[in-house]
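Contents: one structure, followed by commentary.
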Amino acid sequence: MATDICIRPADPAERGYAESLLAANDLPVEDLPEDLEWLYCCEVDGERVGVGGLQRRGDHALVRSVAIAESARGEGYGRALWDRLLAEAADEGVESVYLLTTTASGFFSSLGFERVERESAPESLRETSEFADLCPDAAVCMRREVDP
């Protein structure tokens with residue numbers, strides 16, 4: 001992994017980059033907030049290589065839009081991005097995080113996520129557009145506790 005990795009809140013001016021990377025990875029962009037309020041960018045040596053976010057709802061959060069550019073995969077940047085998101089969740093008092101995935105269950109299993117029934121997710125998360133409209137019923141639902 002490069003020595004100069006920076007994970008920071010996304011700037012609204014980076015919307016085009018985020019949408020392009022997410023679309024290239026078959027992730028939804030329709031419900032990204034205008035200000036990208038919950039999205040983070042991962043930079044390596046000053047170059048953006050990924051995005052990811054947590055959409056908080058009360059004591060729980062939904063992992064959203066984690067994508068690393070294909071050219072930068074396998075270098076640990078996805079894990080570094082996740083570590084930052086998890087630290088932010090812990091700092092904000094989030095108790096558990098959930099996600100829906102059609103392609104990355106193996107990656108998230110390696111980060112401590114366990115498969116759960118979609119209906120077991122808190123109602124506040126099931127009401128998000130991600131659960132209600134954007135992710136297919138075939139998507140795997142996963143959960144992980146957040147250590148304080």
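The figures that follow rest on heavy atoms only: side chains count, while hydrogens, waters and symmetry mates do not. One-based numbering along the sequence shown.
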- Message: When you compare the side chain of Val51 with that of Val66, does any pair of heavy atoms fall below 4.5 Å?
- Response: no
- Message: So does Asp35 get a backbone contact from the side chain of Arg15, meaning a donor-acceptor N/O pair under 3.5 Å?
- Response: no
- Message: Check Glu14 with Arg8, please: is the shortest side-chain N to carboxylate O separation under 4.0 Å?
- Response: yes
- Item | Pro136 to Thr102 - nearest heavy-atom pair and separation | CG-CG2, 3.9 Å
- Message: Using 0.5 Å steps for rounding, measure from the CG atom of Leu100 to the OG atom of Ser105.
- Response: 12.0 Å
- Where Gly52 and Leu81 come nearest, the two heavy atoms and their spacing: N-CD2, 3.6 Å
- Taking atom CG of Leu99 and atom SG of Cys141, what is their separation to the nearest 0.5 Å? 7.0 Å
- Message: Has Glu127 got a side-chain atom pairing as donor or acceptor with Ser124's backbone, closer than 3.5 angstrom?
- Response: no
- Among Glu95, Glu37, Glu92, whose salt bridge (charged side-chain N to carboxylate O under 4.0 Å, His left out) with Arg56 holds? Glu92
- Message: Could you check whether any side-chain heavy atom of Ser65 comes within less than 4.5 Å of a side-chain heavy atom of Trp38, counting everything from C-beta outward?
- Response: yes
- Task: Group every Ile, Leu, Val, Met, Phe, Trp and Tyr by side-chain heavy-atom contacts under 4.5 Å, then state whether Leu39 and Leu27 land in the same group.
- Result: yes
- Message: Between Glu117 and Arg115 (salt bridge meaning N to carboxylate O under 4.0 Å), is one present in this structure?
- Response: no
- Look only at the side chain of Arg64 and the backbone of Leu54, and say whether a donor-acceptor pair between them is shorter than 3.5 Å. no
- Query: Is there a side-chain contact between Asp31 and Leu134, using heavy atoms and a 4.5 Å cut-off?
  - Reply: yes
- Item | Which atom of Ile5 lies closest to which atom of Ala80, heavy atoms considered | CD1-CB, 3.7 Å
- Worked check of side chain to side chain contact (heavy atoms under 4.5 Å, CB included) between Arg57 and Leu62: CA-CA 8 Å; Arg57 295 290 173 106; Leu62 182 62; over 6 Å; no
- Say whether Ile7 and Leu36 are linked into one hydrophobic cluster, either directly or through other cluster members, by side-chain heavy-atom distances under 4.5 angstrom. no
- Item | Residue pair Phe113 / Val97, side-chain heavy-atom distance below 4.5 Å | yes
- Pair Tyr77 and Trp82, ring centroids less than 6.0 Å apart: no
- Closest heavy-atom pair and its distance - Tyr98, Ser120: OH-O, 4.0 Å
- Output the distance between atom CZ (Arg73) and atom CG (Asn25), rounded to the nearest 0.5 Å. 4.5 Å
- Task: Look up atom CG in Leu125 and atom CZ in Arg143, then write down how far apart they are to the nearest 0.5 Å.
- Result: 10.5 Å
- Item | Distance in Å, Leu111 CG paired with Arg79 CZ, rounded so as to fall on 0.5 Å steps | 4.5 Å
- Task: Give a yes or no on whether the backbone of Gly16 and the side-chain of Ser20 come within a donor-acceptor separation of less than 3.5 Å.
- Result: no
- Item | Glu114/Arg144 salt bridge by N-O under 4.0 Å criterion | no
- Measure across Ala72 and Val49 and return the closest heavy-atom pair with its distance rounded to 0.1 Å. CB-CB, 3.8 Å
- Message: For Ile68 versus Gly50, what's the shortest heavy-atom pair and its separation?
- Response: CD1-CA, 4.0 Å
- Kindly compute the distance separating CD (Glu119) from CZ (Arg126), expressed to the nearest 0.5 Å. 7.5 Å
- Query: Does any non-hydrogen side-chain atom of Met142 lie less than 4.5 Å from one of Val116?
  - Reply: no
- Arg48 NZ/CZ over Tyr17 ring centroid, <6.0 Å and within 45° of normal: yes
